[in-house]
Amino acid sequence: MRQELCDGLRPLDRIRDILRRIRDEQGITIVFIEQNVELALRLADRGYILESGRTILSGPSAELLQSAEVRRIFLGDVAL
């Protein structure tokens, strides 16, 4: 059972590595849309938070992960 749980996380690491390699080696910007805010911000360099088609927050992902406003909007003030 433990091995299955660990294997379940590996695709995320692989996706992150592939996206970074494309960015670093090819110089290509990747735009992806994800409803899982924590996942998206952990994979991205920058984040854009949209509401009703308008950007309400944007900035470096690391800053958005620490943002009290992002926590309030998406997690009811639970730490990421």
Side-chain angles (χ1 to χ4, degrees):
M1 181 68 147
R2 279 197 161 155
Q3 185 63 35
E4 290 173 22
L5 291 175
C6 291
D7 288 343
L9 299 176
R10 291 175 198 238
L12 253 188
D13 291 338
R14 189 166 159 86
I15 290 169
R16 183 193 63 230
D17 294 342
I18 289 169
L19 291 175
R20 286 189 177 147
R21 195 169 68 225
I22 291 170
R23 178 197 64 199
D24 294 343
E25 293 176 8
Q26 305 296 319
I28 295 173
T29 298
I30 300 167
V31 176
F32 66 95
I33 299 166
E34 174 57 55
Q35 290 181 345
N36 181 327
V37 176
E38 183 176 7
L39 169 66
L41 291 175
R42 290 193 186 283
L43 290 174
D45 293 322
R46 288 192 61 78
Y48 297 86
I49 309 295
L50 305 178
E51 182 178 290
S52 300
R54 297 177 192 257
T55 303
I56 59 169
L57 291 171
S58 66
S61 295
E63 289 179 18
L64 291 174
L65 276 168
Q66 300 302 315
S67 165
E69 185 70 3
V70 170
R71 286 194 305 272
R72 185 189 64 75
I73 292 169
F74 292 102
L75 301 171
D77 208 19
V78 175
L80 290 176

*Which pair of non-hydrogen atoms, one from Ser61 and one from Ala44, has the smallest distance, and what is that distance?*
OG-O, 3.1 Å

*Apply the side chain to side chain contact (heavy atoms under 4.5 Å, CB included) test between Arg42 and each candidate in Val37, Asn36, Leu65; give the one that qualifies.*
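The side chain to side chain contact (heavy atoms under 4.5 Å, CB included) with Arg42 is passed solely by Leu65 among Val37, Asn36, Leu65.
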
_For Glu69, give me all partners under salt bridge (charged side-chain N to carboxylate O under 4.0 Å, His left out), at least two apart in sequence or on another chain._
Arg72

*Among all residues two or more places apart in sequence or in another chain, which pass the salt bridge (charged side-chain N to carboxylate O under 4.0 Å, His left out) test with Arg16?*
Asp13

*With sequence neighbours excluded, tell me which residues meet side-chain contact (heavy atoms from CB on, under 4.5 Å) with Asp17.*
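For Asp17, no residue satisfies side-chain contact (heavy atoms from CB on, under 4.5 Å) once neighbours in sequence are set aside.
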
Output side-chain donor-acceptor pairs under 3.5 Å for residues 49-60, partner residues at least two apart or in another chain, one line each.
none

*asked:* Can you tell me how far apart CZ (Arg71) and CD (Glu38) are? Round to the nearest 0.5 Å.
replied: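 Here the rounded value is 11.5 Å.
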
Which pairs would a plain distance check flag for residues 20-33, meaning a side-chain donor or acceptor within less than 3.5 Å of a matching protein atom at least two apart in sequence or in another chain?
residue, atom, partner, partner atom, Å
Arg23, NH1, Asp45, OD1, 2.7
Arg23, NH1, Asp45, OD2, 2.5

